Amino acid sequence: MLSLKQLNKTYDNGVHAIDHISLEIPTGLFGLLGPNGAGKSSLMRTIATLQDADSGTIHFNGVDVVADKAALRRQLGYLPQDFGVYPKVSALELLNHFAILKGLTHRGERKEAVEALLQLTNLWEARKRAVASYSGGMRQRFGIAQALLGAPKLVIVDEPTAGLDPDERNRFLNLLARIGENVVVILSTHIVEDVTDLCPRMAMIAKGRVLIEGAPQAAIATL
Ligand code: ADP
Ligand code: ADP
């Protein structure tokens with residue numbers, strides 16, 4: 001469970017990007033819906049400890065994230081928007097390198113983890129191809145494989161379906177839904193169907209504020 005209470009963030013230019021946001025986010029896939037400029041990325045970066053809020057609290061499974069960022073980072077998988085590094089190195093090699101950085105130093109354990117993620121993301125056949133040669137959908141699936149190294153308990157995915165064709169989008173969302181029961185997975189998106197199709201819970205934000213939250217169909221019906 002991720003618990004946000006009265007979070008606030010105003011940038012130097014005066015934009016109040018996060019305006020008193022309180023949310024309880026349970027395990028499973030959670031949709032964070034909002035138009036461009038709603039504050040989704042600001043909220044994701046704040047939860048991921050990449051930027052500080054001005055005030056408010058964040059607790060993950062009872063642990064104060066602001067006081068102990070390292071504890072959160074050890075449990076975090078983060079796929080930023082426009083994740084842009086696609087080198088001419090194979091997916092297999094890259095994942096192996098990232099796995100080492102994540103602390104998977106035992107060779108057998110690492111091989112097992114990397115292979116399982118390549119299977120999960122349907123990249124096994126393409127594992128020896130350079131990530132730079134991948135299609136948009138494959139790149140996003142590779143990004144998720146990388147984010148899932150080390151079995152994170154909190155997975156944050158920022159606008160992952162932008163630019164994907166319908167088949168790739170479905171594939172990607174189904175993959176997110178399969179990540180695991182004990183994992184909090186936050187999917188940020190401006191596409192209503194991303195949330196209504198697969199997320200059991202959602203919140204809609206605009207101008208930094210929570211407009212509605214709950215089960216998608218019921219919540220959207222109140223708009
Ligand atoms: P979203 O992800 O929903 O598109 P953002 O969190 O990126 O929303 O942006 C929310 C608002 O904050 C926008 O008005 C954006 O221009 C502004 N903003 C985002 N990042 C910064 C920043 N680093 N400095 C100043 N303003 C920012
Ligand atoms: P998003 O679509 O996720 O909101 P943006 O394109 O708004 O992404 O932001 C990309 C980067 O630019 C982020 O690091 C964000 O903090 C920064 N940024 C966004 N809006 C502004 C702004 N008005 N002033 C300064 N930096 C901004």
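Given the structure is predicted, the values throughout are model-derived calculations rather than measurements. Order of listing sets the numbers, starting from 1, for every ligand and every atom in it.
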Honestly, for Ser188 the part within reach of ligand 1 (heavy atoms, under 4.0 Å) is neither
Mode of His16 contact toward ligand 1 - side chain, backbone, both, neither (heavy atoms, under 4.0 Å): neither
[X] near ligand 1, heavy-atom distance under 4.0 Å?
| X | value |
| --- | --- |
| Arg45 | yes |
| Gly208 | no |
| Gly39 | yes |

Within ligand 1, which atoms have a heavy atom of [X] less than 4.0 Å away?
| X | answer |
| --- | --- |
| Ala17 | 12 (O) |
| Val15 | 11 (C), 12 (O), 14 (O), 17 (C) |
| Asn36 | 4 (O) |
| Ser41 | 1 (P), 2 (O), 6 (O), 7 (O) |
| Pro35 | 3 (O) |
| Asn13 | 25 (C), 26 (N) |
| Ala38 | 1 (P), 3 (O), 8 (O) |

Nearest-0.5 Å distance, [atom1] of residue [X] to [atom2] of residue [Y]:
| X | Y | atom1 | atom2 | answer |
| --- | --- | --- | --- | --- |
| Leu123 | Leu117 | CG | CG | 10.0 Å |
| Met44 | Leu50 | CE | CG | 11.0 Å |
| Leu176 | Phe30 | CG | CZ | 14.5 Å |
| Arg139 | Leu164 | CZ | CG | 11.5 Å |

Give a yes or no answer on whether the side chain of [X] reaches the backbone of [Y] with a donor-acceptor pair at less than 3.5 Å.
| X | Y | value |
| --- | --- | --- |
| Arg129 | Ser133 | yes |
| Asn61 | Met1 | yes |
| Arg73 | Thr49 | yes |

Are Arg169 and Asp194 within salt-bridge range, i.e. N to O under 4.0 Å? yes
Side chains of residues 94-104: which donor-acceptor pairs under 3.5 Å do they make with residues two or more places apart or in other chains?
| from | atom 1 | to | atom 2 | distance (Å) |
| --- | --- | --- | --- | --- |
| Asn96 | ND2 | Leu92 | O | 3.3 |
| Lys102 | NZ | Leu76 | O | 3.1 |

Taking distance alone, with N or O pairs closer than 3.5 Å, would you say Leu43 contacts ligand 1? no
